[in-house]
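One structure is given here, and the rest of the page talks about it.
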Amino acid sequence: MNTRTTDRRTPSPAPAPAPLHAAAPPSRPGAGQLSAPYAEAVLGHAGRDWLRLNVPGHAAASGADLAGFFGPRITALDFPPLLDGIDLGPDTPLDRALELAAEAWGARRTWFLTNGASQGNQIASMVAPALGRTLVVQRSVHSSVIDGLVLSGMDAVFVQPSVDPEQGIAHGVTAANVAAALERTPDAAAVYIVSPSYFGAVADVRAVADTAHAAGVPLIVDEAWGSHFGFHPGLPANALSSGADLATSSTHKLAGSLTQSAMLHLAEGPFADLLEPLVYRAFRLVQSTSASALLTASLDLARRSLVTGADATGSSVEAADRVRAAVRALGRFKVVSDGFHAFPDIVGADPLRIAIDTRAGGITGHDARRRLFRDHQIMVEVATDAAIVAVIGAGSVPDTDRFVEALHTLPSPLTTASAGLGTGTGTGTGTDTDGMLRLPDPGATKLSAREAFLSPALVVDAEDAVGRISADTLAAYPPGIPNVLPGEVITAEAVRFLQRTAAAPNGHVRGALDLGVTRLRVVA
């Protein structure tokens, strides 16, 4: 597939709080985009009268627990790979599905992933050593990128993101900061950034791509939260159309495929000939040899829905806009993205991400999330100490009135003084004087991620780990942005932050040895 990328940006709409680099109106989909060749082939295969004497072990048994629990349709469609006429042979339905996905996202080539965008990040990190010795990485990348550094053994130069001290959240990086990092990294292999952020902040991918290319290196974008970008004029342009060379796409998040399914897109650009065989080989290393037909079919169907469902996506954008408008009108809470204009690294916002500053309304984000779940049967994506983040999938139109009403019936246990209204000043003190949880500054880097991960290690009490080198990645999850990296010095602020995160309702620290983060693994 050699579909060339086109620049689909249009001028920014004037009234947005943060200028939005929007996609151009989608053109009428080609006839091929109206089909889902792989999904249709699997469905047709399941409709035949098979005697199943192969794996998976349930072999579509009608009386099995799986069939009783999920329904016989699911088990009947659960085929293993390497089936003639489906994914084995020339010009298979899977080949055509991959070509259609590449065309839809403006890629030279696309790979379907069955272990999430984490797998894509690992692949991207693994191919980088062929380009240089050091990866220039946004410090607030997902922990799977750090896992990729462990797998690849690469060194890293980290670019610090901007931090909103009021919300305790990290945003993105500027092209100027990336340029400064490249200047001090003569052996740079690639630049690795995140856009959009977990809170929906969109980076200036075009400027960062131009900066990377001027330095002779490709740009890799973790676009896990932007798989829907570019498929409606009310959405930002996707990373490939803005100059990225490789982009991971967590298609299951907002684009409608099943959980754990994702895509990796390679642009038609100056590094394509070099990257394509490397990505193909790395993909083979980390992709399961028993990739799920259900997950793969869901990617094929999600692509078709995105391409043909621009009107439905528009309805989703309108639904999210209604929530933000209601929150502004009622006045108790604040919309986090309304403050994005204050950060130079943010050029737009994902309208399908609804981030609400709950502390402004007298309740912590963690408590708000817990009460919405327990008392109103409403699930939001994540909570921080200061906010909750709700998401609306492309094509979905949930009951927004129910959410707004439930949100405004939440109690206000915090006093004005403790609500953290405008009192935060630091970017990394663990806990500020208003009691709000702050993002800790990272400790000094002493070893590469791989060196620390593979070094002899020992487990010590958390307080005794302060000042020592971490052997693990520790990340408040979600969003899974590492607060401590292998090779970094563990600080007292980081320990307090992680322990308080773990103690919060629904709090979890990925990589921790125990639920309370009372012990840590350090380099011996």
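Nothing fancy with the numbering, it's 1 onward along the sequence.
- A donor-acceptor contact closer than 3.5 angstrom is absent between the side chains of Asp385 and Thr364.
- Neither side chain, Ser257 nor His252, offers a donor N or O lying under 3.5 Å from an acceptor on the other.
- Side-chain contact check for Leu299 versus Met263: some heavy-atom pair is nearer than 4.5 Å.
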(request) Please test Arg109 against Val279 for side-chain contact (heavy atoms from CB on, under 4.5 Å), starting from the C-alpha separation and ending with a verdict. (result) CA-CA 10 Å; Arg109 186 168 180 181; Val279 173; over 6 Å; no
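- Panel note: side chain Ser298, backbone Leu295; a donor-acceptor pair is recorded below 3.5 Å.
- Residues Val137 and Ala156 come closest through the heavy atom pair CG2-CB, 4.2 Å.
- Using modelled atom types and a 3.5 Å distance limit, the side chains of Ser241 and Asn238 yield a donor-acceptor pair.
- For the pair Val460 and Arg519, the minimum side-chain heavy-atom distance is 4.5 Å or more.
- Phe453 CZ: 12 or fewer foreign heavy atoms inside a 6.0 Å radius.
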(request) Run the numbers on Val145 and Gln138 for side-chain contact (heavy atoms from CB on, under 4.5 Å), then give the verdict. (result) CA-CA 10 Å; Val145 177; Gln138 180 175 327; over 6 Å; no
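- Closest heavy-atom contact between Ala394 and His228: CB-CB, 4.2 Å.
- Remark: Arg108 does not engage Asp245 in a salt bridge, criterion side-chain N to carboxylate O under 4.0 Å.
- Heavy atoms of other residues, nucleotides or ligands lying less than 6.0 angstrom from CZ of Phe373 number 12 at most.
- Taking 4.5 Å as the limit, some side-chain heavy atom of Arg371 sits within range of a side-chain heavy atom of Ile363.
- Taking the ring centroids of Trp105 and Phe229, they lie at or beyond the 6.0 Å cut-off.
- For the atom pair CG of Asp65 and CZ of Phe70, the computed distance is 10.5 Å after rounding to the nearest 0.5 Å.
- The neighbour count for Leu274 CG, taken as heavy atoms of other residues, nucleotides or ligands under 6.0 Å away, is above 12.
- Residues Val517 and Thr501 fail the side-chain proximity criterion, which asks for heavy atoms closer than 4.5 Å.
- With hydrogens and angles disregarded, no donor-acceptor distance shorter than 3.5 Å links the side chain of Glu381 to the backbone of Val389.
- With 3.5 Å as the limit, one finds a donor-acceptor pair spanning the side chains of Asp187 and Thr134.
- If you check the side chains of Asn121 and His142, you find no donor sitting under 3.5 Å from an acceptor.
- Taking all atoms of both residues into account, the shortest heavy-atom contact from Ala457 to Ala471 is CB-CB, 4.1 Å.
- Residue pairs satisfying the side chain to side chain donor-acceptor pair (under 3.5 Å) criterion with at least one member in residues 442-452, sequence neighbours excluded, are listed as follows: Ser448-Glu451.
- Residues Ile123 and Ala282 approach most closely at CG2-CB, 3.8 Å, considering heavy atoms.
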(request) Start with the C-alpha gap between Val217 and Leu131, add the side-chain angles, then the distance that decides, and say whether side-chain contact (heavy atoms from CB on, under 4.5 Å) holds. (result) CA-CA 8 Å; Val217 299; Leu131 308 173; over 6 Å; no
Pairs under 3.5 angstrom only: tabulate donor-acceptor contacts from the side chains of residues 177-185 to other protein residues two or more places apart or in another chain.
from	atom 1	to	atom 2	distance (Å)
Asn177	ND2	Thr174	OG1	3.3
Thr185	OG1	Ala181	O	2.6

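- Remark: Leu149 CG to Gln122 CD distance equals 11.0 Å, nearest 0.5 Å.
- The minimum heavy-atom distance linking Thr75 with His58 is given by the pair O-CE1, 3.4 Å.
- Using a 4.5 Å heavy-atom cutoff, the side chains of Ser118 and Ser250 are not in contact.
- Asp514 places a side-chain N or O within donor-acceptor distance of the main-chain N or O of Gly516, the cut-off being under 3.5 Å.
- Counting only distance, with no hydrogens or angles, the side chain of Asp87 and the backbone of Leu82 share a donor-acceptor pair below 3.5 Å.
- Side chains of Asp95 and Thr92: a donor-acceptor N/O pair is present below 3.5 angstrom, by distance only.
- In plain terms, the two heavy atoms of Glu223 and Pro196 that are nearest each other are CG-CD, 4.2 Å.
- Put simply, the side chain of Asp222 gets close to the backbone of Ala224: a donor and an acceptor are under 3.5 Å apart.
- A donor-acceptor pair under 3.5 Å is formed between the side chain of Ser305 and the backbone N or O of Leu301.
- Interatomic distance, Asp210 CG to Ser242 OG, rounded to the nearest 0.5 Å: 10.0 Å.
- Atoms CD1 and NE2, on Ile346 and His341 in that order, are 10.0 Å from each other to the nearest 0.5 Å.
- Screening Phe199, Phe340, Tyr198 for a ring pair (Phe, Tyr, Trp, His ring centres under 6.0 Å) with His171, the sole residue that qualifies is Phe340.
- Side-chain contact between Trp225 and Asp350 is absent, with no heavy-atom pair separated by less than 4.5 Å.
- Side-chain contact check for Trp111 versus Leu98: every heavy-atom pair is 4.5 Å or farther apart.
- No donor-acceptor pair closer than 3.5 Å links the side chain of Ser470 to the backbone N or O of Val522.
- Atom CZ of Arg281 has 12 or fewer heavy atoms from other residues, nucleotides or ligands within 6.0 Å.
- Remark: the backbone N or O of Ser197 is paired with a side-chain donor or acceptor of Arg353 at under 3.5 angstrom.
- Without hydrogens or angle criteria, Ser290 side chain to Ser288 main chain gives no donor-acceptor distance under 3.5 Å.
- Interatomic distance, Ile388 CD1 to Arg370 CZ, rounded to the nearest 0.5 Å: 13.5 Å.
- With values rounded to the nearest 0.5 angstrom, Gln119 atom CD is found 4.5 Å from Leu113 atom CG.
- Proximity of Pro440 to Arg496: side-chain heavy atoms (C-beta onward) are nowhere separated by under 4.5 Å.
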(message) Determine whether Leu474 and Ile490 satisfy the following criterion, side-chain contact (heavy atoms from CB on, under 4.5 Å), listing intermediate values before the conclusion.
(response) CA-CA 10 Å; Leu474 300 171; Ile490 299 168; 5.6 Å; no
